[in-house]
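The block underneath contains the structure these notes are about, expressed in structure tokens.
For this chain, numbers begin at 1 and follow the sequence in order. As the structure lists them, so they are numbered: ligands from 1, and atoms in each ligand from 1.
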Amino acid sequence: MKILRGLLLVSSLAFCLTPSFAQQKTIAAKVEALLSKMTLDEKIGQLNQYNGDWAATGPVTKDVGNKLDAIKQGKVGSVLNIMGTNHTRTFQEAAMQSRLKIPLLFGQDVIHGYSITFPIPLAEAASWDLEAMERSARVAATESAAAGIHWTFAPMVDIARDPRWGRVMEGAGEDTYLGSLIAKARVKGFQGKGLGNIDAVMACVKHFAAYGAAVGGRDYNSVDMSKRALWETYLPPFKAALDAGAATFMNSFNDLNGTPATGSSYLQRDILKGKWGFKGFVVSDWNSIGEMIPHGFVKDNYEAAEVAIKAGNDMDMESRAYIGNLAKLVKDGKVNISLVNDAVRRVLTKKFEMGLFDDPYKFINPAREKATMNQPENIEAARDMGRKSIVLLKNEKQILPLSKDFKTIALIGPLGKAKWDLKGAWSTDVDPNENVVSIYEGIQKQAPNAKLLYAEGCKVTDSVSVDFTEAVETAKKADVVVMAVGENIFMTGEARSKANIHIPGVQEDLIKAIVATGKPVVVLLMAGRPMVFNWTAAHAPAIVYAWWLGSQMGNSVADVLFGNYNPAGKLPMTFPRSEGQIPIYYNYLNTGRPSQGDNDTFYRSSYIDLPNTPQYAFGYGLSYTTFGYSNISISKTTIKKTETLTVSFDLQNTGKVAGEEIAQLYIRDMVAQPLRPIKELKDFKKVMLAPGETKRITFIIDKEKLAFYNDSLERITQPGEFKVMIGAASNNIKLEKSFQLTN
Ligand code: NOJ
């Protein structure tokens with residue numbers, strides 16, 4: 001009761017989503033008062049972030065001596081990678097011994113859950129369920145805030161069109177429209193009712209910008225792109241996150257057109273703090289200020305610090321560039337003190353908004369920490385998010401859902417009993433393996449009367465031929481086989497790019513051997529990225545793409561396998577047939593010699609040895625039921641740009657079980673200068689329908705959905721013909737209409 005009363009009091013004092021003007025004014029006055037008391041060294045201390053004593057999430061930088069002493073001397077403004085109320089208390093107590101007692105901010109990569117691990121973000125994106133993703137971020141925020149954390153380095157909103165890049169697992173996939181909505185949902189989830197609430201953590205939108213477009217999909221690599229592509233494809237999710245109230249931004253490791261993002265005034269001053277009016281602060285990525293030296297952009301940390309602060313980077317994560325050089329830069333007259341003051345103001349403002357000056361230990365309450373973790377309703381939310389994230393790729397002869405009459409089920413594959421892997425990269429160690437439900441356990445629970453056999457078959461990493469006899473014999477004894485194959489936890493994530501994204505090792509040979517038994521086989525593919533698996537796509541009767549779904553993965557998968565949940569996920573990224581097709585994405589521009597089909601290669605923009613089409617397209621995913629699209633109508637055939645257009649159609653569940661369909665709206669501007677993509681997602685609806693039920697679905701098209709950037713980076717519309725397409729996937733358009741746009 002006491003806790004509850006405390007919570008109510010704190011939340012009534014806390015801000016609504018954004019602080020009111022009066023609150024802002026009060027905070028601004030407090031910030032100025034504090035700033036006027038600070039020495040230059042104390043100011044620079046606020047811009048310095050050290051790694052704590054938990055495992056480092058970047059290369060360990062040179063030792064700084066005793067960190068607690070540095071904190072007591074006011075030389076540190078924030079610490080990352082310390083978790084739990086015990087730890088954070090020790091550090092905050094040190095800060096309270098500094099001259100001005102400015103509280104520390106504790107940052108952490110809470111990417112997909114804290115104590116309960118949720119699906120990796122790419123998997124969640126496959127749900128297209130914004131509410132569910134907001135809830136997932138909310139749970140992560142609630143748990144991590146109760147562990148003393150103030151700030152998560154999430155969401156990652158980098159658009160990624162290259163599945164070789166290991167960090168595709170951390171984002172929302174390839175599409176700008178979907179990615180922008182997801183960015184917004186996640187920020188709302190993390191920040192809840194607003195900074196200052198006891199269960200809200202500050203979001204940190206990353207990595208600003210264009211990190212996902214690294215050449216060759218190699219992590220940290222260069223990015224070279226037109227400004228139009230940057231504005232059109234890569235920046236909108238950042239803007240959406242900002243509009244949702246994101247408190248902080250993180251810049252990125254890559255250079256953009258020859259300037260490291262960390263040193264880019266164009267990105268941080270002109271766009272983010274200038275045109276977009278961002279009032280929060282920007283933190284560097286881990287040592288990204290110092291990494292401007294190996295980039296060849298600056299010669300030493302002194303120059304690096306100068307470039308970074310001038311470019312608008314406020315806080316230095318682990319480069320030690322500001323703490324070592326900024327004072328001298330000011331004294332040497334190279335950096336104007338107003339730049340330092342501006343950065344410090346931004347950091348202090350967030351500390352005030354979080355309520356840390358009122359109570360630096362506000363987030364540090366061991367009883368609350370204990371009471372908040374692993375709540376049953378949150379575990380259930382993780383399970384629900386898991387099944388919503390699953391994509392059914394193939395289901396020949398309707399093997400799925402598995403019949404309750406099967407007496408013997410064989411689970412085969414190296415991931416069948418895995419636990420740790422199921423959490424996926426960027427999960428915290430707070431979630432112990434015992435909390436994770438394996439595929440084996442999930443199946444066992446939902447088929448208590450069936451005999452469940454298991455054979456590993458091979459290891460994920462086996463690369464030389466393996467004797468599959470035991471696996472084959474096990475399969476032969478069963479009525480149905482479920483195969484659990486894919487990547488292990490180390491195969492995606494930061495610095496885990498791959499040139500070969502086929503199912504690793506000999507696992508596809510194992511699939512071949514098991515399919516050859518003639519038994520009904522369901523292949524469960526688990527990975528943090530799209531993989532290549534052409535043989536399986538052609539020959540396995542049923543394929544379920546399950547990604548990494550976190551602690552509840554076994555239960556979520558079993559819900560789908562046994563039909564307790566009808567899968568509805570759709571791919572947020574294109575799945576190529578070969579690495580040679582990468583980058584591959586659905587919203588490309590037509591050439592002057594567009595491919596006319598998969599067999600037409602002569603003088604066409606096709607490969608001579610591979611179709612242009614992907615294995616599975618963006619937006620693709622099946623259900624245990626089927627859906628019919630009919631009766632499209634549009635409100636007008638000509639609209640002015642000030643008007644809106646309504647598109648309606650009937651969506652029917654034509655199968656025998658209830659199910660959800662994600663109906664997608666694409667638009668094409670038929671003739672435009674500059675060119676427009678062959679189609680672009682502009683809206684979608686996830687609709688639940690009972691068998692036989694029909695619903696009339698309506699989309700509204702407004703000017704913004706028809707607008708694009710011209711070469712001068714102005715947002716314009718051009719009159720002419722537009723095509724509106726309604727489909728079940730980007731390559732499965734069911735209904736079309738055209739209309740004219742006039743001035
Ligand atoms: C480097 C990663 O790029 C970034 O995303 C992460 O937040 C930091 N390390 C801190 O762990």
Side-chain angles (χ1 to χ4, degrees), residues 48-61 76-83 105-114 120-122 137 140 144 149-160 165-172 183 186-187 190 201-214 217-223 237-238 241 246-256 260-262 267 280-292 294-295 308 313-321 424-430 492-497 528:
N48 184 34
Q49 186 187 54
Y50 283 151
N51 188 51
D53 49 5
W54 192 70
T57 46
V60 180
T61 339
V76 186
S78 170
V79 181
L80 78 149
N81 287 335
I82 50 166
M83 303 184 289
L105 276 177
F106 299 120
Q108 182 71 38
D109 291 283
V110 183
I111 307 293
H112 53 114
Y114 182 73
I120 57 167
L122 183 63
S144 52
I149 292 163
H150 308 130
W151 181 21
T152 176
F153 303 128
M156 185 191 100
V157 304
D158 297 304
I159 294 299
W165 189 43
R167 296 193 84 166
V168 295
M169 52 85 34
E170 227 181 305
R186 291 199 205 281
V187 169
F190 287 130
V201 293
M202 296 196 295
C204 182
V205 188
K206 67 190 190 185
H207 304 85
F208 199 61
Y211 181 41
R218 292 207 314 274
D219 213 354
Y220 319 127
N221 210 2
S222 287
V223 175
F238 289 97
T248 71
F249 267 56
M250 184 186 290
N251 55 38
S252 55
F253 290 123
N254 57 288
D255 79 83
L256 176 63
T262 304
L267 287 173
F281 70 88
V282 179
V283 63
S284 76
D285 203 342
W286 181 292
N287 192 31
S288 67
I289 300 181
E291 287 175 16
M292 288 195 283
H295 265 296
N313 178 111
D314 301 306
M315 187 180 277
D316 171 356
M317 180 194 289
E318 274 292 318
S319 289
R320 326 279 161 94
W426 285 120
S427 47
T428 65
D429 284 351
V430 177
T492 43
E494 185 180 345
R496 287 169 193 160
S497 293

What atoms in ligand 1 come closer than 4.0 Å to a heavy atom of [X]?
X: K206; result: 4 (C), 5 (O), 6 (C), 7 (O)
X: E494; result: 1 (C), 2 (C), 3 (O)
X: F153; result: 7 (O)
X: R167; result: 2 (C), 3 (O), 4 (C), 5 (O)
X: M250; result: 4 (C), 7 (O)

Just by distance, no angles: are the side chains of [X] and [Y] close enough, under 3.5 Å, to form a donor-acceptor pair?
X: T57; Y: W286; result: no
X: S222; Y: D255; result: yes
X: N287; Y: S319; result: yes
X: W426; Y: E170; result: yes
X: N81; Y: N51; result: yes

_Side chain, backbone, both or neither: the part of Q49 lying under 4.0 Å from ligand 1 by heavy atom_ =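 Neither part.
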
*Relative to ligand 1, is N81 under 4.0 angstrom through side chain, backbone, both or neither, heavy atoms considered?*
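For N81, no heavy atom sits under 4.0 Å from ligand 1.
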
*Quick one: sort the Y211 and W165 rings into parallel, tilted or perpendicular, breaks at 30° and 60°.*
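Judged by the thresholds at 30° and 60°, the geometry between Y211 and W165 is perpendicular.
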
*Parallel under 30°, tilted from 30 to 60°, perpendicular over 60°: which one fits the rings of F253 and Y220?*
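Perpendicular: the ring planes of F253 and Y220 meet at over 60°.
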
*Run down the list E318, H207, Q108 and name the one with the heavy atom closest to atom 5 (O) of ligand 1.*
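Nearest option to atom 5 (O) of ligand 1, by heavy atoms: H207.
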
*Under the ring-ring contact (aromatic ring centres under 6.0 Å, His included) rule, what do F281 and W151 come out as? Steps first, then yes or no, please.*
CA-CA 12 Å; F281 70 88; W151 181 21; 5.2 Å; yes

_When you measure from the side chain of T152 to the backbone of A203, do you find a donor-acceptor pair of N or O atoms at a distance under 3.5 Å?_
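No: the side chain of T152 does not pair with the backbone of A203.
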
N or O contact, [X] vs ligand 1, cut-off under 3.5 Å:
X: T57; result: yes
X: D109; result: yes
X: E170; result: no
X: D285; result: yes

*Does even one non-hydrogen atom of M156 get within less than 4.0 Å of ligand 1?*
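Contact absent.
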
